[in-house]
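A short worksheet on the structure shown next.
As a basis for the values below, the full set of heavy atoms in this structure was taken, side chains included, without hydrogen atoms, waters or symmetry mates. No experiment lies behind these values; they were computed from the predicted model shown.
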Amino acid sequence: RIVFIDKARQMYVSTLCCLIIDWYCTFTDDREVVVSRVKEESAIKLINDKIRKTHERKPEWLKTWTDMSATPERVITYGCSGSTVTAVAQNFAHSDSRGITGSLIMVDEAAYQDYFPQIYQAVLPMSNRMWAVTTAHLGNPGAALFQALIKEKA
């Protein structure tokens with residue numbers, strides 16, 4: 001349930017995670033998924049490029065059945081299940097994470113997020129599903145925690 005993926009660039013792991021999130025929210029009722037990146041704008045771009053644009057390419061009958069919201073940009077709501085995907089910045093652990101009970105938290109480029117230690121601490125009591133995906137990076141608290149946790153889990 002807690003997955004750490006240390007990857008090379010351009011392996012499409014973030015895309016794969018977003019596709020699994022789309023499936024999860026389509027077929028599981030009332031889930032709340034949070035997607036974190038360093039900046040909220042890049043998290044919004046990620047969910048719109050990888051989830052909403054994929055939805056646009058689905059067959060018409062499937063698009064109608066899944067009934068995904070087009071707005072607001074930072075939140076995708078699934079009409080078929082009531083599940084949501086919310087894009088947040090890395091500092092969500094200080095604010096947004098206190099008010100929600102996330103079913104799944106995806107931390108994209110975790111080693112680049114200075115607040116990854118705070119996200120990790122905030123997520124553990126509220127959710128038992130966290131995916132931390134990153135390319136190699138050193139020199140900040142997020143990278144140090146990611147490396148320590150990946151060695152611990154190995």
Side-chain angles (χ1 to χ4, degrees), residues 1-116 118-120 122-124 126-137 142-143 146 149-150 153:
R1 298 223 179 231
I2 295 179
V3 178
F4 295 93
I5 302 173
D6 193 10
K7 65 178 186 74
R9 290 187 47 74
Q10 301 302 317
M11 300 217 28
Y12 298 100
V13 173
S14 298
T15 301
L16 176 62
C17 288
C18 286
L19 294 174
I20 294 169
I21 287 169
D22 181 44
W23 176 86
Y24 180 62
C25 288
T26 298
F27 295 105
T28 311
D29 290 340
D30 301 317
R31 298 293 126 177
E32 179 135 9
V33 176
V34 177
V35 176
S36 169
R37 293 205 70 186
V38 173
K39 294 183 179 180
E40 184 177 308
E41 297 81 27
S42 63
I44 290 169
K45 182 171 176 23
L46 180 67
I47 68 168
N48 284 298
D49 286 355
K50 306 302 181 193
I51 297 175
R52 278 199 172 113
K53 286 188 179 175
T54 299
H55 178 73
E56 291 171 10
R57 292 189 291 272
K58 291 177 182 174
E60 201 58 46
W61 65 268
L62 185 56
K63 283 196 292 190
T64 303
W65 181 77
T66 56
D67 188 32
M68 180 185 291
S69 69
T71 57
E73 277 190 318
R74 79 179 286 262
V75 179
I76 297 172
T77 303
Y78 289 78
C80 58
S81 66
S83 295
T84 61
V85 178
T86 305
V88 297
Q90 67 173 331
N91 64 351
F92 90 99
H94 291 296
S95 57
D96 292 347
S97 72
R98 304 292 181 225
I100 62 168
T101 303
S103 306
L104 166 64
I105 312 299
M106 177 187 165
V107 184
D108 195 42
E109 294 299 353
Y112 288 84
Q113 295 195 27
D114 293 334
Y115 292 99
F116 182 57
Q118 290 86 346
I119 294 169
Y120 185 72
V123 164
L124 288 181
M126 85 160 145
S127 176
N128 61 355
R129 285 190 182 172
M130 182 173 86
W131 301 344
V133 177
T134 196
T135 52
H137 185 64
F146 189 88
L149 289 170
I150 208 162
K153 304 290 181 196

Exercise. Do Asn48 and Glu73 pass the side-chain contact (heavy atoms from CB on, under 4.5 Å) test, and can you show the C-alpha distance, the side-chain angles, and the key distance before you say yes or no?
Worked result: CA-CA 7 Å; Asn48 284 298; Glu73 277 190 318; 4.2 Å; yes
Problem set entry | side-chain contact (heavy atoms from CB on, under 4.5 Å) between Asp67 and Cys80, worked out | CA-CA 6 Å; Asp67 188 32; Cys80 58; 5.5 Å; no
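Heavy atoms only, all atoms of each residue included: Ala87 and Ile47 are closest at CB-CD1, 3.8 Å. Of all the heavy atoms in Cys18 and Leu46, the pair that sits closest is SG-CG, 3.9 Å. The minimum heavy-atom distance linking Lys63 with Glu56 is given by the pair NZ-O, 3.3 Å.
In this structure, Phe4 and Tyr120 have tilted ring planes: the angle between them lies in the 30° to 60° band.
Contact check for Val33 versus Ser83: no side-chain heavy atoms found under the 4.5 Å cut-off. A 4.5 Å side-chain heavy-atom check between Ile5 and Trp131 finds every atom pair outside the cut-off. At least one side-chain heavy atom of Gln90 sits under 4.5 Å from a side-chain heavy atom of Asp114.
How far OH of Tyr112 is from OG1 of Thr134: 6.5 Å, rounded to the nearest 0.5 Å. For the atom pair OG of Ser36 and CG of Asp108, the computed distance is 8.5 Å after rounding to the nearest 0.5 Å.
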Distance-only criterion, 3.5 Å: show the donor-acceptor pairs between side-chain atoms of residues 19-28 and protein atoms not counting sequence neighbours.
from, atom 1, to, atom 2, distance (Å)
Asp22, OD1, Tyr78, OH, 2.7
Asp22, OD2, Lys58, NZ, 2.9
Tyr24, OH, Arg129, NH1, 3.1
Thr26, OG1, Asp22, O, 2.7
Thr28, OG1, Tyr24, O, 3.0

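Among Val35, Val34, Thr77, the one residue that satisfies the side chain to side chain contact (heavy atoms under 4.5 Å, CB included) test with Val85 is Val35.
Pairs of residues two or more places apart, or lying in two chains, that qualify as salt bridge (Lys or Arg N to Asp or Glu O under 4.0 Å) and include a residue from residues 45-55 are Lys45-Asp49, Asp49-Lys53.
With sequence neighbours excluded, no residue forms a salt bridge (charged side-chain N to carboxylate O under 4.0 Å, His left out) with Lys39.
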